[in-house]
Amino acid sequence: MTDADIATLWLTFRVASLATVLMLIFGTPLAWWLARTDSRWKGICNALVAMPLVLPPTVLGFYLLVLMGPNGPIGKFTSELGLGTLPFTFAGLVVASVLYSMPFVVQPLQASFSAIGRQPLEAAATLRASPLDTFFSVVIPLAKPGFMTAAILGFAHTVGEFGVVLMVGGNIPDRTRVVSVQIYNHVEALEYAEAHWLAGALMLFSFSVLLVLYSALKTHPVAHQLK
């Protein structure tokens, strides 16, 4: 494995770790709202969250590139803030990864929150616990397997991205070149031995993630409902 391969693995780990943290921060209140609300907007929000599951990654990547480019509304906004534009930067790579992998975090959390039911919340209310205290003291401990599932799936899916990260991040060494793009580079250059090392590492990683996930689903009754 070359120094360039190791650099892509490290960059991929940084992108996936930061994206997973952001997805948990923004996805948790969204999943809680989707699990509890009867709003007429629930169907539209569910559809928007799940869209990356059915959209070709290049389609999402293309529109993100347009929106975050110098003539797009997000690009103009970030430029006015003095941040420049996001495409072909580490920050743009993280934003694109968050949007693309968000369903893999929101949907397990939503299922876990729904499985809790109203009884534990009503019991906390009788003890005069505030909604915020109830969420942190009751909901999060009961939904812990859901959080674990969401974090594992979100991280693993971000690691395996190709189309979106190539469209938004490009192929810049040490800045935006992630491991999936590096495998593509090796194959294009007919460097199959190097491609085998990286592809084999990803296969081993994917198997390990699924093994941990299904072991957790077997162990925790609440998470078992997510299967």
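In this text the structure is predicted, and so the values were computed from the model without any measurement.
Interatomic distance, T20 OG1 to H157 NE2, rounded to the nearest 0.5 Å: 11.5 Å. The line from CZ of F90 to CZ of R14 is 4.5 Å long, rounded to the nearest 0.5 Å. Between the CG atom of L93 and the CD atom of E161 there is a distance of 7.5 Å, given to the nearest 0.5 Å. One distance of note links CE of M148 with NZ of K144; it measures 8.5 Å at 0.5 Å rounding. The line from CZ of R36 to CZ of R118 is 4.5 Å long, rounded to the nearest 0.5 Å. Rounded to the nearest 0.5 angstrom, L86 CG and S79 OG are separated by 8.5 Å.
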Task: V181/V178 under side-chain contact (heavy atoms from CB on, under 4.5 Å): CA gap, chis, key distance, verdict - done: CA-CA 6 Å; V181 177; V178 294; 3.9 Å; yes
- [ ] Test V105 against L24 for side-chain contact (heavy atoms from CB on, under 4.5 Å), laying out the working first.
- [x] CA-CA 7 Å; V105 170; L24 288 173; 4.0 Å; yes
- [ ] Check step by step if side-chain contact (heavy atoms from CB on, under 4.5 Å) holds for T176 and V15.
- [x] CA-CA 9 Å; T176 62; V15 171; over 6 Å; no
- [ ] Go through the steps to decide whether K42 and L34 satisfy the test side-chain contact (heavy atoms from CB on, under 4.5 Å), and finish with yes or no.
- [x] CA-CA 6 Å; K42 180 178 180 178; L34 288 171; 4.1 Å; yes
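Looking at T8, N171, T2, D5 one by one, the single match for side chain to side chain donor-acceptor pair (under 3.5 Å) with Q182 turns out to be D5.
Using a 4.5 Å cut-off on side-chain heavy atoms (C-beta onward), T28 and F113 make contact. Taking 4.5 Å as the limit, some side-chain heavy atom of L121 sits within range of a side-chain heavy atom of V139. Between L64 and Y100 there is no side-chain heavy-atom pair separated by less than 4.5 Å. Contact of the Q107 side chain with the L53 side chain is registered, since non-hydrogen atoms from C-beta on lie closer than 4.5 Å. The side-chain heavy atoms of V159 and F205, taken from C-beta on, include a pair separated by under 4.5 Å. With contacts defined as side-chain heavy-atom distances shorter than 4.5 Å, the pair Q110/V49 does not qualify.
Under a hydrophobic-cluster definition in which Ile, Leu, Val, Met, Phe, Trp and Tyr are linked whenever side-chain heavy atoms come within less than 4.5 Å, directly or via other members, W33 and I44 are assigned to the same cluster. One hydrophobic cluster, built from ILVMFWY side chains closer than 4.5 Å, cannot hold both L204 and L202; they sit in different ones. Linking ILVMFWY side-chain heavy atoms closer than 4.5 Å, directly or via other members, places F104 and F207 in two distinct hydrophobic clusters. Both L132 and W32 sit in one connected hydrophobic cluster of ILVMFWY residues. Membership requires side-chain heavy atoms under 4.5 Å apart, directly or through other members.
Residue L127 shares its hydrophobic cluster (ILVMFWY side chains chained together at separations under 4.5 Å) with no other residue. Counting Ile, Leu, Val, Met, Phe, Trp and Tyr side chains that sit under 4.5 Å apart, directly or through other members, L81 shares a hydrophobic cluster with F77, L83.
Under the side chain to side chain donor-acceptor pair (under 3.5 Å) criterion, E122 pairs with no residue at all, not counting sequence neighbours. Considering only residues two or more places apart in sequence or on other chains, F88 meets the side-chain contact (heavy atoms from CB on, under 4.5 Å) condition with L65, I172. For A129, the side-chain contact (heavy atoms from CB on, under 4.5 Å) criterion is met by A124, D133, T134, not counting sequence neighbours. Looking at residues two or more places apart in sequence or on another chain, you find a ring-ring contact (aromatic ring centres under 6.0 Å, His included) between F162 and Y184.
When all heavy atoms are compared, the tightest approach of G163 to P57 is CA-CB, 4.0 Å. G92 and V168 make their closest contact through O-CG1, 3.6 Å (heavy atoms, listed as atom of the first residue, atom of the second, distance). When all heavy atoms are compared, the tightest approach of V164 to A96 is CG1-CB, 3.6 Å. Minimum interatomic distance between G146 and P108 (heavy atoms only, all atoms of both residues): O-CB, 4.3 Å. Among all heavy-atom pairs drawn from R175 and T89, the shortest one is NH2-CG2, 4.3 Å. Here the shortest heavy-atom pairing between L109 and A31 reads CB-CB, 3.6 Å.
Between F13 and F155, the two ring planes are perpendicular [angle over 60°; tilted spans 30° to 60°].
Not a single donor-acceptor pair under 3.5 Å links the side chain of T85 to the backbone N or O of P87.
Judged by distance alone, the side chains of S97 and T158 never bring a donor and an acceptor atom under 3.5 Å apart.
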